2 protein chains.
Amino acid sequence: MSKKPSIPKGTRDFNPEEVSRRNYIFNAIKETFSLYGFQPIETPSFENSETLMGKYGEEGDRLIFKILNSGEKVKKADLISLEKGNLARFSSSLSEKALRYDLTVPFARYVVQHQNEITFPFKRYQIQPVWRADTPQKGRFREFFQCDADVVGSTSLWQEVEFVQLYDAVFSKLGLKGVTIKINNRKILSGIAETIGAEDKLIDFTVALDKLDKIGEEGVKKEMREKGISEDALQKLQPLFSFKGSNDEKLNSLNGLLGGSQLGIKGVEELKFITKNIETLGLQTASLEIDVTLARGLNYYTGAIFEVSAPAEVNMGSIGGGGRYDDLTGIFGLKDMSGVGISFGLDRIYLVLEELNLFPETVSENSKALFINFGEKEAMYAMKAITKLRNVGIKAELYPDATKMGKQMGYADKRNISFTVLAGEKEMESQSFTLKNMKSGEQSQVNFSELEVFLKS
Amino acid sequence: MSKKPSIPKGTRDFNPEEVSRRNYIFNAIKETFSLYGFQPIETPSFENSETLMGKYGEEGDRLIFKILNSGEKVKKADLISLEKGNLARFSSSLSEKALRYDLTVPFARYVVQHQNEITFPFKRYQIQPVWRADTPQKGRFREFFQCDADVVGSTSLWQEVEFVQLYDAVFSKLGLKGVTIKINNRKILSGIAETIGAEDKLIDFTVALDKLDKIGEEGVKKEMREKGISEDALQKLQPLFSFKGSNDEKLNSLNGLLGGSQLGIKGVEELKFITKNIETLGLQTASLEIDVTLARGLNYYTGAIFEVSAPAEVNMGSIGGGGRYDDLTGIFGLKDMSGVGISFGLDRIYLVLEELNLFPETVSENSKALFINFGEKEAMYAMKAITKLRNVGIKAELYPDATKMGKQMGYADKRNISFTVLAGEKEMESQSFTLKNMKSGEQSQVNFSELEVFLKS
């Protein structure tokens with residue numbers, strides 16, 4: 001006897017309830033993407049290695065799952081590199097394809113490859129799994145879905161406005177109130193770095209600032225000092241650490257702080273366009289908040305930066321994020337293609353909805369009624385009714401075997417099917433059905449039309 | 001400048017129209033699965049190698065995509081096997097995980113692993129991609145979706161009856177009339193082999209018989225002779241080559257042909273149960289036809305065998321298939337778990353619907369209206385209307401830039417958006433909108449409620 005089988009660490013099986021709940025979230029996101037004019041594309045699960053390698057930094061290259069060449073091709077193994085301990089090169093000699101690491105690089109590849117068929121501005125969404133050879137831990141998986149929407153080919157800030165509305169629309173639809181959409185602008189971060197004379201340390205500066213929530217003012221300052229940012233610069237930064245008030249007030253302080261930085265002022269103007277127009281249009285349940293510490297560690301953002309926080313009562317961190325990038329497709333040779341996009345964190349949204357009990361009971365795709373099987377003749381009587389019910393869209397099923405009634409009732413119970421239908425000789429004679437409510441135990445005798453009306457409701 | 005990027009051979013990008021059309025088919029299948037009481041599960045894209053290897057024969061093992069171990073693990077490369085030319089063993093030493101080759105083995109693994117949480121009979125469906133390192137050719141890909149529904153844990157033939165109904169329901173829903181559901185029974189094939197004294201050559205016998213459509217009577221006989229089936233046996237087989245008439249007539253001839261084979265008679269009885277009950281229940285647009293040459297080359301079927309043919313006017317071959325297997329989960333140590341299942345061939349169904357022009361025009365998730373952008377003030381006026389339209393589920397979008405009208409109109413045209421909405425100073429003053437039909441060129445001035453009613457229809 002073989003031992004009980006298992007799945008690779010960091011991967012998951014999803015049972016029917018989990019699939020239904022995940023689909024509930026996917027559908028809310030998809031419907032909203034579509035409502036906002038985004039159209040779906042799909043790309044292959046694996047890409048040519050050269051498409052992915054070198055796009056995510058050294059760490060990223062290590063975390064990309066490589067596909068072993070098939071058949072004779074493995075003979076080309078570069079054994080000299082193996083001997084020398086150059087494992088990356090050895091691995092490359094064995095692999096020409098790799099699993100998608102995110103949806104952004106494949107999207108850039110798609111845009112460049114299909115640029116002549118695409119109508120720009122191109123509004124696309126993409127919901128597909130990605131794979132990372134990361135160390136699995138709570139909430140971090142080796143296979144997980146990303147849900148991205150991007151527009152490429154226009155620099156209009158109305159798109160940022162719409163993305164804020166879109167976040168609000170999705171979370172409102174999911175019943176998740178009190179979400180905070182934090183917004184910042186890379187130009188402001190650059191402007192601040194410029195003003196304090198630390199342009200060359202922009203990355204160090206933003207990485208440290210990004211940690212304000214976690215390590216506090218003193219921690220951030222310590223890290224900045226270690227990275228060589230001067231006391232004088234830290235002095236100038238002081239207002240950032242006590243940045244409060246309405247979005248308008250924050251924009252005003254920023255104007256002061258940024259002094260003469262043209263780039264910084266441009267960032268403030270962009271932010272102002274977004275916050276002002278969102279204020280006019282209104283949001284359903286979310287709020288939009290300027291957060292100058294928001295950097296998302298991502299080097300490729302050039303304008304707006306978004307991050308969505310779950311309501312304060314759940315301790316979950318970011319459930320979505322995105323921003324404006326000015327040169328996404330440059331890596332594949334297509335220059336000057338500005339884009340802006342956002343992403344939803346499915347797994348975390350799932351945990352938040354679960355914790356707050358926000359999944360509707362009707363999410364699961366369960367049958368409305370189980371017909372009890374009393375034998376061949378009775379089963380045919382039941383199947384005729386079931387066939388008619390299915391034709392009008394009512395989910396019903398027959399217990400396949402004419403086994404003990406207790407077992408059949410137990411099945412309905414475990415499957416959480418609310419009603420059973422009993423039809424034996426007596427019912428067949430009077431062309432009726434006995435309908436039993438599995439919760440209350442109540443029974444009533446009905447004809448077919450009554451059954452249909454009842455189960456439809 | 002880098003060269004234009006591409007994707008691995010045998011894989012595909014799907015553009016918005018293709019994704020929408022594929023989803024149209026997926027949704028018809030999913031809704032019907034669900035209507036029949038099947039519930040969705042999902043399994044990881046990759047499994048532990050030992051779960052997959054050895055389950056699909058030697059050829060299958062070669063076609064499984066293996067994932068290269070990450071980091072230091074590649075040091076364990078078995079160089080001696082490489083030297084000896086044992087490439088399979090060399091590859092195994094570099095890989096512990098492999099991409100899903102079909103949905104059946106992962107399903108068996110799922111059932112065994114989760115047997116204590118599952119309520120049997122377990123009706124599950126699964127729609128996920130699979131990967132095969134096959135030589136790509138027209139209609140054969142290295143990444144493609146499978147759509148499977150199976151029941152495990154019951155031997156009831158009502159399930160076979162329901163699968164016939166299910167096929168009919170899906171293809172009727174897709175508007176694909178004239179589909180033929182062919183049915184056979186492995187027990188009949190075994191019975192015939194027994195009767196002609198060729199039990200030990202059952203596989204050779206069925207593989208040859210399966211080719212009747214392609215190579216004709218003489219071809220089949222030639223192949224059988226080559227495999228050592230006697231002239232006497234071929235003589236007894238003769239009625240099979242001119243097997244005609246209604247299902248009832250075929251069942252009668254089979255009874256004659258099978259003589260004393262108990263197993264064969266059992267198969268005939270099973271077939272009779274299915275055809276008789278389907279006749280009573282009726283089908284919407286498909287027909288059910290006994291085909292004793294149907295073997296599907298698959299060794300694990302033990303009872304019913306299904307195959308669905310597209311309407312005769314399209315030259316496509318099988319668009320679905322399945323059958324009963326008595327020991328699916330035995331490979332993972334769980335015995336006596338009978339199952340029966342069917343599968344839909346998405347890519348071929350797509351081609352058939354395309355060829356017969358059966359995709360509804362409304363399949364694509366396109367916006368109903370594009371609002372022309374005349375500048376910041378006008379864009380805000382438009383965005384207010386768009387926001388309200390989206391709140392009631394109407395897909396509308398704003399052209400992001402206040403660029404030339406011709407360009408914006410051209411965009412609507414290329415994106416196939418049927419209506420544009422123009423709102424400049426004049427419309428803003430009178431709180432109205434100019435609605436333009438992009439096909440007819442017709443224009444009319446409407447207020448917001450009129451616009452909403454119009455776009456909703």
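Keep in mind that what you see is a predicted model, and the values were worked out from it rather than measured. Chain letters run A, B, ... following the sequence lines, proteins first, then strands; residues in each count from 1. We use all heavy atoms of the structure for the numbers below, so side chains are in, but hydrogens, waters and symmetry mates are not.
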(message) Between the side chains of B/E42 and A/R12, is the shortest nitrogen-to-carboxylate-oxygen separation below 4.0 Å, so that they form an ion pair?
(response) no

(request) Decide yes or no for B/K384 and A/T280: does some side-chain heavy atom of the first lie under 4.5 Å from some side-chain heavy atom of the second? (result) yes

(request) Please flag which part of B/A98 lies under 4.5 Å from any non-hydrogen atom of chain A: side chain, backbone, both or neither. (result) neither

(message) Could you check, using the six-membered ring where one of them is a Trp, whether A/F65 and B/F46 have ring centers closer than 6.0 angstrom?
(response) yes

(message) Is any side-chain heavy atom of B/W158 closer than 4.5 Å to one of A/E376?
(response) yes

(message) What part of B/K97 gets within 4.5 angstrom of chain A, counting heavy atoms only: side chain, backbone, both, or neither?
(response) side chain

(request) Check whether B/S156 gets within reach of chain A through its side chain, its backbone, both or neither, counting any heavy atom under 4.5 Å. (result) both

(request) Under 4.5 Å heavy-atom distance to chain A, tell me which part of B/N366 shows up: side chain, backbone, both or neither. (result) both

(message) Suppose we screen for salt bridge (charged side-chain N to carboxylate O under 4.0 Å, His left out). Which residues come up paired with B/D134, at least two apart in sequence or across chains?
(response) B/R140

(request) Check whether B/L99 gets within reach of chain A through its side chain, its backbone, both or neither, counting any heavy atom under 4.5 Å. (result) side chain

(request) Report yes if some heavy atom in the side chain of A/K395 is under 4.5 Å from a heavy atom in the side chain of B/S34; otherwise report no. (result) yes

(request) For the pair B/K414 and A/E117, find out whether any cationic side-chain nitrogen is under 4.0 Å from an anionic carboxylate oxygen. (result) no

(message) What I'd like to find out is whether the side chain of A/M383 reaches to under 4.5 Å of the side chain of B/N277, using heavy atoms alone.
(response) no

(message) Can you tell me which portion of A/Q159 sits under 4.5 Å from chain B's heavy atoms? Options are side chain, backbone, both or neither.
(response) side chain

(request) Check each atom of B/S6 against the heavy atoms of chain A and say whether the ones under 4.5 Å are side chain, backbone, both or neither. (result) both

(message) Is it the case that the side chain of B/E143 and the backbone of A/S45 share a donor-acceptor pair, with hydrogens and angles ignored and the cut-off at 3.5 Å?
(response) yes

(request) Please answer whether the main-chain N or O of B/P121 pairs with a side-chain N or O of A/Y411 as donor and acceptor at a distance below 3.5 Å. (result) yes

(request) With the side chain counted from C-beta on, respond yes when B/P44 and A/D13 share a heavy-atom pair under 4.5 Å apart, and no when they do not. (result) yes

(request) Output the option from B/G85, B/S154, B/G153, B/S364 having the highest count of non-hydrogen pairs under 4.5 Å with chain A. (result) B/S154

(request) Nearest 0.5 Å please: distance from the CD atom of A/E397 over to the NZ atom of B/K123. (result) 4.0 Å

(request) Identify which part of B/F120 has an atom lying under 4.5 Å from any heavy atom of chain A, answering side chain, backbone, both or neither. (result) backbone

(request) Would you please test A/M380 and B/L281 for side-chain contact (heavy atoms from CB on, under 4.5 Å) and show each step? (result) CA-CA 8 Å; A/M380 175 48 88; B/L281 292 166; 3.7 Å; yes

(request) List in chain and number order the residues that pass side-chain hydrogen bond (donor to acceptor under 3.5 Å, both in side chains) with A/K75, two or more places apart in sequence or in another chain; answer none if no residue qualifies. (result) A/E72

(message) Under the criterion side-chain contact (heavy atoms from CB on, under 4.5 Å), I'd like the reasoning laid out for A/F90 against B/V74: C-alpha separation, chi angles, the key distance, then a yes or no.
(response) CA-CA 8 Å; A/F90 175 60; B/V74 292; 3.9 Å; yes

(request) Please look at B/L35 and chain A and tell me whether the side chain, the backbone, both or neither of the residue comes under 4.5 angstrom of a heavy atom of that chain. (result) both

(message) When you compare the side chain of A/I7 with that of B/T43, does any pair of heavy atoms fall below 4.5 Å?
(response) no

(message) Please classify the contact of B/K276 with chain A as side chain, backbone, both or neither, using a heavy-atom distance under 4.5 Å.
(response) side chain

